[in-house]
Structures are given as C-alpha cells and as structure tokens.
Amino acid sequence: MGIIEIFESRVPCLSDILDLQRTCQKNQLKFSTDTNRYLLYLTLKKVGPFVAQKLVSKLVEKGEIKWDDDDNWEVEQILDHVEEEGKDFYLIKWKGWSNAYNSWEPKDNLSCEDLLSEFKEYQAKGKKRRMVDNEDDLARHPKRNRVDEIFHKLAPVRDTLSPLGLMSLSSPTKKGKRPVYRGINGNYGEPRNVLRKASAPGMKQLNPRSKFYKQKRVEVQKALKDWERHLNGINSDPAGIVVENLVDLEGPPENFVYINDYRSGEGITIPDDPIVGCECEDCHSNQKTCCPAQCGSTFAYYKKKRLRVVRGTPIYECNKRCKCGPECPNRVVQQGRKFKVCLFRTANGRGWGVKTLQKIKEGSFVVEYVGEVITDKEAERRGKQYDAVGRTYLFDLDYNPGDCPFTVDAGYYGNVSHFINHSCDPNLEVFAVWINTLDPRLPRIALFSKRDIEKGEELTFDYMMTGDTTNAAPTLDNVDITKQAKLLQASSAQSVEMSNDPNNLVSDDNTATEDEDTTDDTQGETDTAVETETECDTADTDVEKDEGSSQKNRDERESESQKNHDERESETSRPEMAATGDAPSGSVGKNVENAPKKTPEKLLPKSVTDQYKIVCQCGAKNCRKYLF
Ligand SMILES: C[S@@+](CC[C@H](N)C(=O)[O-])C[C@H]1O[C@@H](n2cnc3c(N)ncnc32)[C@H](O)[C@@H]1O
C-alpha cells in the first residue's frame, strides 16, 4: 500500500525532509517515533541554530515547553553590509562562534545601535573588516552544541512534533506576541527573525549575479577552505585532500567527523594484534610461505604493488608481526591513499562527490572505506533512519560464511570514501583485506581502480547489491559467488585459526601444501615507477605507470586469477590449511567441510529496509535506474 506508493512518488534523492514528509502525509504514512525524532533533529540542523531557536520560541510562547536558559546570542561585530531589494542586510560575527557561522541579518532584526554606528563610521573611512577567528571560538565548535541543546529542550514534545509541524511555526511572529526567552541579540523578550544559513534551500534560489549571492559565496568558500585545512590536519594518508564547490552555496557538511581508521562502535573491540606473521626475507619471491598462502589465498600484488587478482579474492597483507619492512610488496592498503583527491559538489543533485587529481593506473589501491564498526542490530536501526532521508553509508561486512555481525557506518565518522558516489559503471571495485585484524568477520574494505582513471575523473563504486534487483539490468560487474565462496571459506578457516577463536570448530587435519605451484607473477608484471602526470600533487612520490597496455594488464589479471582459481578447484579434496614452516607450531585450522555453508553476500552497502528507492543519476549507459 503506502510504501509502494512512496516508490511510485519517487521522492528525489537528497530531497528535502519536508517534501518527504508531505509525500508521506499525502500517502497517509506515519514515521516511526525513532525516524520522526531523527528527522526533527536533521531539520533543526538544516535550518541552523538561529531559525531553530526562533521556532522553538513559538512553543515556549504557547507554554508547550519551558526555556530557562540564560544563554546569549550576542553580536560581537558587524563585518559587512549589502543592500538587497531596498533592504539593508548586515554580516554578523557572533560572540563565541567562529567566522564560519557568520550570518546575514536584516537591519530590522538588529538592536545593537552602537555597533551599527561604529560599523558605519568604519565603512565611511573606506575600511574593510577582516574575518579573523580567535582561538577560543575555533576551539569551541559551538554550532552542534547549540542545535543539540535545542533538540534536548524539545524533549517533552518531540515525539508529537513533526518536522513539518515545527516548520509551520515559522509564520511571522505577530506584534505583541513575543516569546519569552532571550533572543539572538541577547535581550529577554526581544526575539529576532534571522535569515536562513547559506545552506538553507531558499538561498539556492538567489540570483547568482546579485551582490548578496556573491557575498554569501565568499562566506561559503571561506568555510570550505577552513574545512579543507581541518581535513588535511587530521588525514594521515600520504596524499592530500582539496575541497571545491563551484556549484551552489553548500558549505561543509555538518555531522561529519573525519577519521583515518575503523572506529569501534558500542560494545565492539577490534583486535589488532595478530598472533602470527611471516618470516620471509623477500615476500614476493616467497609466495608459498608468505601471509596470503598461510591464509589459503593468493599473493594479491605485483612487485610494484598493483593488483594481480580479480574481484572476490580475499587479500591478506603482511602484518606487524611479519619480518618484512614497509617496502614489502605485500603492504599496500596499510600504506594509505597515495592519490590526491578533491571533494567536489556535483552539479546534478548527488551532493558531494570525489574526483582524483592524479591519473590512476588500473589495479591501484585508491582509498579505504572506513567508518564506525557497529553491530548488525544497530545497523538495522540506523539503516531505517538513513533510508528515511534517502542517504546510505552502511557497508555490510557480509563476507564470510556464518553470521554477519558487523557493518561499517561511514555516515558520521568517515574519510574521503564517505563522499564517493555510486555508479552502475564504476571505476573502483571493492576488496576485503586483512592486515593486523585477522578475525574473518572484520576485513578492511579497500577500493582499487578497476581500470585506468584519468586525472579529474569522478571516483565511483557500485553500491549494489544485495537483495532486490528487480529493477536492475544485468551487470557485468557481478561477483562470481561460487568462486568467492570457496576462497572465503578457505580464508575464513585460516583467519579463525590465526585469531585463535575458541568458538570456532577446528580440525587438526592440516597438511603442508608443498606441492602447490605458487604463481610467479614476475612474468605478468609490467610495472615501472615513473613520475605522475599531475601538476597538483606534491605528496605522492610512489605512483606507478605501466609500460604495458591496460588491456594487457587486465588480461594478465584474468588469466592469473583463472589459474589460481583452477588450482583451488583441483584442491578441493585436500585439507584447506597450509601449515607452513612459518605457521605457529601446533596451529590448527577449521576444515572447510565444517564451515557453515552460507553463500556470502557481497561486501556492499545495504539498504536495510528496501523501503525507499533512490533514483540513480550516474548517467552510465547500463544504469540500473535505482541505487537499490
Ligand atoms: C555515500 S553517500 C555519497 C556522498 C553523498 N553524495 C554526499 O553528499 O554525502 C551516498 C548518497 O549519495 C547520493 N548518491 C550517490 N550516488 C548517487 C547516484 N548515482 N545517483 C543519485 N544519488 C546518489 C545518495 O543520496 C546516496 O544515498
């Protein structure tokens, strides 16, 4: 019924929460309490603390909630002035807020005559005020706190109040009916109407040639520069991040915290002390005994650190217990992102996206997908909320036989991969990688280039695709489930053994696999290190270029993988574990026969409820129409 109608209504992706709610009302659908709360919170964030506070004041006025806060909104300085359609607007620096949160206020809303006349004198002298943040303001990051506070104040009514209900309070305050809490200028009983913030929808309709728009742009660009600096301050990858918005007045996203590695969610501990590593002098020549072989998989890289295996192959890199140094060819993902990227505003409504500022050769590691590792149950809960706002950041670690207890949520905590959009014809592909955490349920998610990628090209991967593919055209990009299952069972067994998980079935049925013919990848290797083609990058000195053609490389990867695959096919009667000289003595492995026979799902973000479909804007010829 209603849910189907919502599909039919096709609420556009990134659509306004209010539109979404209107659509729901029309279809007589109600949000759950959790979703309603979440949307209310998002609405407050979206309108910003000033408008939010004004809306809340209406509830105070009606006696529905109390406001006993003695917090002030105080004008610290007036920075600039514009006249727009006969009205005066002033750019306000708020006390205790960094310049990123300056806002334009109509003159009528200001009651700081002294500052106004001081500004006029200043302006008459032809001077311009510089926006310099003081350290205190920068340290406080007060914006989120303000909105959180407001949300908290709404507690008594928030389950009965909808975002639409809240916004409907925003009709002009009638004279004489003033709210009773302190207004934005710090005076009790003197509320001030405020303009929406730069990111508010109304702003996007401004005439881009107007002075007002241009001023706004300056503000937004400054906020984005600040954000870029902030991101690069935290980013631990060798290559930097550039931020660019040539499209609209959207500033830095709220509710996003940059991280470099997985963050453990509540109740989760991510072990990172492997009990075993390899002893190789030269891992590349010792593929029979190196980590991947111990884990029943294939050495994943050529000497120059580009992929030599196809999608679906589990990757085991050398870890902190291994003897080899950082230059080992089996240390790739752990070295971090080496290509400089740009977070940019897309022009077709897909929000932010990521493009590369350097040419990337096929098979190169590009970026890791990091976020908060959460339980399956928590993922179900968050998934519904993401679905309700047409966003998704959940990535199931659904990669092994048996249960799938973990999901990565990059919605709040994430790195640049948080901004990578979906394409039905992507240039990145996903691999599961184990390094210092050998728990088979906790691989790291690495995105590698599927083909050569030009400088300036948007980076994309295929979000698909568990579950419903009714609307999906067949894709060339599907994983070979059979092959994947086999490899994963093997890798699962070894990882479990290495992580010494007592809960897993074990067998001491290990036999050395000396007769294995480890593939010599040097034959297929065509890498030679040369300089990059980009002028933007200063950080990367380790980018490679093939002398051979991409097609050749691709063919080699395919045949290499086919060979590995065939080897595994012929090994099915053998025990899975390879007890090598490097394995700890007495180590035992789980016989694959005993492994749960669940077909692994793909390692891709999921839409938990499948209730809302997002229309895909990837523009690919083989586009499947919907993201999910
Ligand atoms: C992981 S985020 C990607 C970053 C996002 N564009 C942003 O601004 O934060 C996923 C969301 O981006 C949007 N998106 C990504 N790829 C898209 C596509 N091909 N078509 C339409 N929307 C897309 C959808 O809203 C989706 O839920």
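No experiment lies behind these values; they were computed from the predicted model shown. Both counts, for ligands and for their atoms, begin at 1 and track the order of listing.
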Would you mind reporting whether V333 and E317 have side-chain heavy atoms less than 4.5 Å apart?
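Yes, side chains in contact.
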Could you check if a side-chain atom of N245 sits within less than 4.5 angstrom of a side-chain atom of W352, using non-hydrogen atoms only?
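Yes - at least one pair of side-chain heavy atoms lies under 4.5 Å apart.
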Out of curiosity, is I420 lining ligand 1, as in a heavy atom under 4.0 Å away?
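Contact check I420 vs ligand 1: positive.
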Given Y369, Y393, F461, which has its nearest heavy atom closest to atom 9 (O) of ligand 1?
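Considering heavy atoms of Y369, Y393, F461, the nearest to atom 9 (O) of ligand 1 sits in Y393.
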Looking only at non-hydrogen atoms, which of W352, Y626, Y463, F395 approaches atom 1 (C) of ligand 1 most closely?
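Comparing heavy atoms across W352, Y626, Y463, F395, the nearest one to atom 1 (C) of ligand 1 lies in Y463.
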So, N348 side chain and Q617 main chain: donor-acceptor pair closer than 3.5 Å or not?
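Present.
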Numbered atoms and elements of ligand 1 in range of [X], under 4.0 angstrom, heavy atoms:
{"X": "Q617", "answer": "18 (C), 19 (N), 20 (N), 21 (C)"}
{"X": "V615", "answer": "20 (N), 21 (C)"}
{"X": "C616", "answer": "19 (N), 20 (N)"}

Test of proximity, N421 against ligand 1: N or O pairs below 3.5 Å
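So ligand 1 has an N or O lying under 3.5 Å from an N or O of N421.
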Output yes when the distance from some N or O of ligand 1 to some N or O of S423 is under 3.5 Å, and no in every other case.
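N/O-N/O distance below 3.5 Å does not exist for this pair.
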Scan side-chain atoms only and decide if N415 and S417 contain a donor-acceptor pair under the 3.5 Å cut-off.
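There is such a pair between these side chains.
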Among residues at least two apart in sequence or on other chains, which ones pass side-chain hydrogen bond (donor to acceptor under 3.5 Å, both in side chains) with D261?
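In terms of side-chain hydrogen bond (donor to acceptor under 3.5 Å, both in side chains), with neighbours along the sequence ignored, D261 is linked to no residue.
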Only counting residues at least two apart or in another chain, list the ones meeting side-chain hydrogen bond (donor to acceptor under 3.5 Å, both in side chains) with E368.
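Residues passing side-chain hydrogen bond (donor to acceptor under 3.5 Å, both in side chains) with E368: R444.
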